[in-house]
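Quick notes on the structure that follows.
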Amino acid sequence: MVEIKTPEQIAKMREAGLVVAAMHEACAQAAVPGATTKDLDEVAAKVLADHGAKPNFLGYGGFPGNICTSVNDVVVHGIPSKDTVLKAGDLLSIDAGAIVDGWHGDAALTVFVGEGHSAELHELSRVTQESMWAGIAAMRKGNRLVDISKAIESYIRRQPRPAGGKYGIIEDYGGHGIGSQMHMDPHLLNYVERRRGRGPKLVPGMCLAIEPMVSLGTPRTHVLSDDWTVKTNDGTWSSHWEHSVALTEQGPLVLTARDGGRAKLAELGVEAAPDPLG
Ligand code: MG
């Protein structure tokens with residue numbers, strides 16, 4: 001069963017989404033060489049407290065942080081640590097979430113720490129981010145879930161290939177429904193798998209976290225002995241971008257983007273729904 005939200009509930013999720021946007025901004029600014037990922041977690045905790053919002057990552061299945069900080073070949077679920085010191089050239093994915101009045105927001109971005117990144121890493125992050133937007137633009141009434149997966153995968157496959165041969169679209173993790181809980185049905189693959197079928201029809205009131213994870217090599221990952229940290233099997237670096245998106249009667253609203261996704265969706269020929277918070 002997919003949870004269908006009322007416009008009032010989507011407005012609450014927009015509030016949570018804007019807290020997540022503020023967490024991203026503060027954490028990205030603090031992600032400088034010499035900072036630890038634990039420092040970023042404290043920045044995130046302060047933003048949550050300042051907004052009177054609750055963390056949804058902290059304690060989730062025992063997760064010990066307010067955010068996930070995934071560096072270089074860590075794909076997702078990196079645990080903030082005082083022992084992880086960021087250095088120039090690192091590629092850091094920050095996944096953050098917030099709860100406002102019981103409604104969840106969840107989004108991730110990839111940050112370049114300092115300078116000195118190769119053109120290939122810039123391209124990796126760009127391709128991952130743009131594939132997320134292609135997926136968001138496919139979140140339209142009349143489409144099915146698979147159309148989002150297809151849009152993400154086909155965007156990535158249309159891009160010039162990296163030196164390693166092929167982008168690895170991570171298969172073990174994907175997007176998800178979001179609302180009164182962080183992770184809900186349906187699971188959203190970032191590629192098309194025929195035996196999964198086409199998935200549910202997209203209808204107003206549906207909210208999805210759309211989150212491609214892409215590596216410079218393999219789609220395969222493994223979990224470290226801390227039970228959280230997910231790394232690529234071949235050690236190639238990866239990027240993760242995510243937004244929480246509501247489908248409304250007026251079209252998609254990107255809950256975790258400051259402008260509701262308006263500017264980027266317009267580039268893709270899609271009109272974003274009006275912001276319920278004005
Ligand atoms: Mg998510």
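Atoms considered below: every heavy atom in the structure, side chains included; atoms not considered: hydrogens, waters and symmetry mates. When a ligand or atom number is given, it counts from 1 through the structure's own listing order.
- Using a 4.5 Å cut-off on side-chain heavy atoms (C-beta onward), M182 and F57 make contact.
- E120 and R161 are not joined by a salt bridge, as no carboxylate oxygen comes within less than 4.0 angstrom of a charged side-chain nitrogen.
- Applying the side-chain hydrogen bond (donor to acceptor under 3.5 Å, both in side chains) rule to D185 yields no partners; only residues at least two apart in sequence or on another chain are considered.
- Remark: H51 engages no residue in a ring pair (Phe, Tyr, Trp, His ring centres under 6.0 Å) (not counting sequence neighbours).
- For the Mg ion (ligand 1), the count of nearby protein N/O/S atoms, taking only those under 2.8 Å, is 4.
- A salt bridge links D90 with K87: at least one charged nitrogen is closer than 4.0 Å to a carboxylate oxygen.
- For S81, there are no side-chain hydrogen bond (donor to acceptor under 3.5 Å, both in side chains) partners at least two apart in sequence or on another chain.
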